[in-house]
There are 2 protein chains.
Amino acid sequence: MDKKESQKPKYQILKEYIIETIGLEKLEPGDKIWSENELAQKFKVSRHTVRQAISQLASEGWLYKVHGKGTFVGDRIRRKSNKIKTIGVMTTYLNDYIFPSIILGIDEVLSKAGYNMVLGCSYNHHDKERMCLENFIRADIHGVIVEPTKSALPNPNLDLYRQIIEKDIPMFFIHGCYKELDCPYVVVDDIKAGYIAARHLIDLGHKRIGGIFKIDDIQGHYRFKGYQMALHEAKIDLKDLNVLWFDTDDKREEFIKFDKKMFRELTKRCSAIVCYNDQVALKVMNIIRKKGMKIPEDISLVSFDDSQLAVVSEVKLTTVAHPQKKLGRIVAESLINKINGGKGKDKIKMEPELIIRGSTKEYK
Amino acid sequence: MDKKESQKPKYQILKEYIIETIGLEKLEPGDKIWSENELAQKFKVSRHTVRQAISQLASEGWLYKVHGKGTFVGDRIRRKSNKIKTIGVMTTYLNDYIFPSIILGIDEVLSKAGYNMVLGCSYNHHDKERMCLENFIRADIHGVIVEPTKSALPNPNLDLYRQIIEKDIPMFFIHGCYKELDCPYVVVDDIKAGYIAARHLIDLGHKRIGGIFKIDDIQGHYRFKGYQMALHEAKIDLKDLNVLWFDTDDKREEFIKFDKKMFRELTKRCSAIVCYNDQVALKVMNIIRKKGMKIPEDISLVSFDDSQLAVVSEVKLTTVAHPQKKLGRIVAESLINKINGGKGKDKIKMEPELIIRGSTKEYK
DNA sequence: AATTATTTGTGCGTATGTATC
DNA sequence: AGATACATACGCACAAATAAT
């Protein structure tokens with residue numbers, strides 16, 4: 001047993017002892033520790049050895065020394081890194097839609113707690129996502145908030161996420177989480193949201209209810225699932241033809257590349273459509289209007305998120321609200337709590353809320 | 001002259017010599033440097049002193065040591081920027097208005113160049129501004145982009161700005177610059193913008209042209225100045241009563257705290273109003289509409305920025321466009337250029353452009 | 001205001017251990 | 001096996017900063 005200890009250099013043992021004792025004796029930052037000579041006597045080593053141990057601890061931030069006064073316990077905040085704590089935040093988009101509000105909520109909490117926020121944006125592409133993550137890791141951040149990129153698809157950047165987890169850097173996902181990772185998250189209950197949306201239409205008497213969902217996003221799948229559940233509960237057959245799927249690139253370029261014929265069919269067959277989000281609803285609204293049909297008289301629309309867009313057009317959108325700023329605040333608070341070693345809820349689901357406006361109407 | 005040198009400890013002198021020599025002899029990472037004994041003989045110091053110098057340099061990344069082999073020049077890439085370069089960006093607001101677009105433009109350039117972006121938000125208050133700046137400085141960033149807080153008022157945080165300048169951290173302002181600092185900036189030519197706005201109304205035949213401007217913002221002053229110039233040029237007397245001023249807090253809370261009577265007078269006296277920005281124009285529009293007057297039939301409005309808000313209401317705003325994303329890109333590019341030691345333009349003025357929509361009409 | 005004790009900072013000499021070639 | 005180079009460790013001396021007397 002002596003061997004194991006004696007394999008370690010004496011200064012190493014001393015270092016460990018000092019760190020341990022700081023913890024045990026509950027020394028606060030600024031408290032004085034023993035002088036070099038005291039330690040040397042106590043451990044029966046030379047002062048040189050003590051100095052080696054102490055100077056290394058000092059350069060690591062555990063201690064600081066003042067000439068002529070003594071050696072003191074370092075500022076605990078500075079122990080891990082001299083620098084201010086920084087949180088990496090990555091979302092799929094930055095300036096659009098609900099994202100500014102989410103980021104605002106995060107910033108409110110982080111800046112109040114004295115954290116810096118490093119912002120990255122994946123533009124919902126895996127290569128950009130990878131770049132951001134690499135930046136985060138290199139920047140030596142203290143926590144991460146991520147909105148996953150194409151969360152319903154296999155992710156090529158899981159190695160980086162695992163690296164973050166292995167480094168014990170607290171990480172929260174928002175909106176969804178890669179199913180391969182078991183990570184804390186704050187999400188809106190999208191299944192419920194989908195259910196609420198469809199249920200609202202059913203309650204209004206609609207029976208032929210179509211849906212447009214995003215296929216590369218886990219939120220799209222969940223909202224679809226809720227929609228499906230509501231229809232099933234109401235014993236309405238879900239016809240595959242009534243559901244259209246699109247993906248990120250469709251949306252960004254000119255949206256709804258999917259067969260125009262299919263869309264025409266959809267509007268003919270259905271009296272109501274559940275739209276993946278407000279953006280989609282607006283585009284659908286424009287197309288329908290161009291066909292000479294009216295909303296909500298001819299077709300009812302329900303969308304998701306309650307973004308600024310929802311109230312922009314003449315017909316305000318009935319939409320299932322996303323908590324936006326509140327979600328930002330909650331995820332930031334949870335993350336800080338985790339960083340400070342607190343035991344909070346790991347998986348948080350926020351309740352969606354239906355906001356009824358002008359885009360839905362009773363089916364006569 | 002010997003004194004100065006001898007005040008420094010020997011190991012310090014040695015450290016400097018070693019760093020210098022690496023540069024002079026163009027030693028590449030991986031090259032071996034002299035052994036501890038060689039250095040000790042060469043400088044006539046003890047080997048212990050050499051070790052002190054070398055071990056510090058090693059912990060700083062300049063050198064690395066291999067037991068039994070020797071001491072080697074460290075990886076140069078790791079030397080200067082082991083950590084990724086980070087740019088601090090502070091704006092007055094985050095989620096509103098044109099700011100998401102500006103930030104997007106900055107992010108596009110920075111992330112492509114491999115920089116991280118640390119985002120801060122002053123909410124246009126000096127205390128928040130101070131917090132952000134302190135964070136930036138502590139975070140050891142490589143460059144700063146700032147939209148000044150209450151740029152027309154004396155600033156209590158100039159000490160921090162000066163600290164940044166003294167540290168030779170490249171800094172660009174956007175939208176305006178504190179007059180006490182001589183800093184690089186990228187701005188919209190707000191005087192010209194103000195001129196264009198008023199000129200447009202004059203060209204439409206308006207003679208009684210009011211204005212609403214922001215008093216704590218330098219942009220407000222410049223836009224007013226342009227407005228003034230246009231009126232003067234057209235030999236229209238500028239009546240003080242036709243100009244209203246508001247400040248940040250007015251806007252944030254319930255806007256236009258200024259005497260309602262004055263505002264009523266303004267709408268009676270004028271056939272057109274130049275509004276500080278789209279937000280103000282929308283509020284003014286609402287008030288005017290409540291009075292039963294119509295835009296642009298009864299009163300013409302010109303605003304600034306061409307934000308998303310400009311096209312939200314039924315009557316789309318005639319507005320002098322802010323380049324938004326482009327401004328973000330330009331300031332980010334300029335900053336990176338400066339960081340890399342390039343000689344670019346320091347003071348950049350971007351041209352505003354009038355976008356004519358539905359809120360202005362010929363004066364009959 | 002000067003002195004003294006304490007504490008860290010700098011520096012030298014020496015000895016032994018261990019990794020590499 | 002031996003030479004070389006770094007790693008650990010001890011002891012000593014003096015300088016410089018600090019605090020208390």
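What you see below is based on every heavy atom in this structure, not just the backbone, and it leaves out hydrogens, waters and symmetry mates. Proteins get letters first, then strands, A, B, ... in listed order; numbering begins at 1 in each.
Proximity of a side-chain donor or acceptor of Thr91(A) to a complementary backbone N or O of Leu94(A) within less than 3.5 Å is not detected. In this structure a side-chain-to-backbone donor-acceptor pair under 3.5 Å is missing from Thr49(B) to Val45(B). Remark: side-chain polar atoms of Gln52(A) are not paired, donor with acceptor, to backbone N or O of Tyr11(A) under 3.5 angstrom.
At whole-Å resolution of the value, CZ in Phe72(B) and P in dC21(C) are 9 Å apart. Between Glu38(A) atom CD and dT8(C) atom P there is a gap of 8 Å when expressed in whole angstrom units. Look at CD on Gln12(A): it is 15 Å from C1' on dA9(D), rounded to the nearest Å. What separates CD of Glu36(B) from C1' of dT4(D) is a distance of 12 Å, to the nearest Å. One can place CG of Leu39(B) at 17 Å from P of dT4(D), the figure rounded to the nearest angstrom. We find that CD1 of Ile54(B) is positioned 12 Å from P of dA5(D), with the value rounded to whole Å. Following rounding to the nearest Å, Arg47(B) (CZ) and dT16(C) (P) show an atom-to-atom distance of 15 Å. The separation between Phe43(B) atom CZ and dT10(C) atom P is 18 Å, rounded to whole Å.
The pair Glu134(B)-Arg130(B) meets the salt-bridge criterion, with a side-chain N (NZ, NE, NH1 or NH2) lying under 4.0 Å from an Asp/Glu carboxylate O.
For Val45(A), counting side-chain heavy atoms from C-beta on, the closest listed nucleotide (dG13(C), dC10(D), dT10(C)) is dC10(D).
Residue Thr71(A) places at least one side-chain N or O closer than 4.0 Å to OP1 or OP2 of dT8(C). Residue Lys65(A) places at least one side-chain N or O closer than 4.0 Å to OP1 or OP2 of dG9(C). Contact between the side-chain N/O atoms of Arg51(A) and the OP1/OP2 oxygens of dT8(C) is not found at any separation under 4.0 Å. Dashed line: the shortest gap from a side-chain N or O of Thr49(B) to OP1 or OP2 of dT10(C) is not under 4.0 Å. Remark: Lys10(A) is not in phosphate contact with dA7(D), judged by side-chain N or O atoms under 4.0 Å from OP1 or OP2. Side-chain nitrogen and oxygen atoms of Tyr11(B) include none within less than 4.0 Å of the OP1 or OP2 phosphate oxygen of dG11(C).
No donor-acceptor contact under 3.5 Å links the side chain of His48(A) to the base of dG11(C). Between the side chain of His67(A) and the base of dA16(D) there is at least one donor-acceptor pair of N/O atoms closer than 3.5 Å.
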Does Glu129(B) form a side chain to side chain donor-acceptor pair (under 3.5 Å) with Asn124(B)? I'd like the steps, not just the answer. CA-CA 7 Å; Glu129(B) 179 189 33; Asn124(B) 212 23; over 6 Å; no
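Nearest-nucleotide positions on DNA chain D place Lys69(B) closer to the 5' end than the other of Lys69(B) and Lys69(A).
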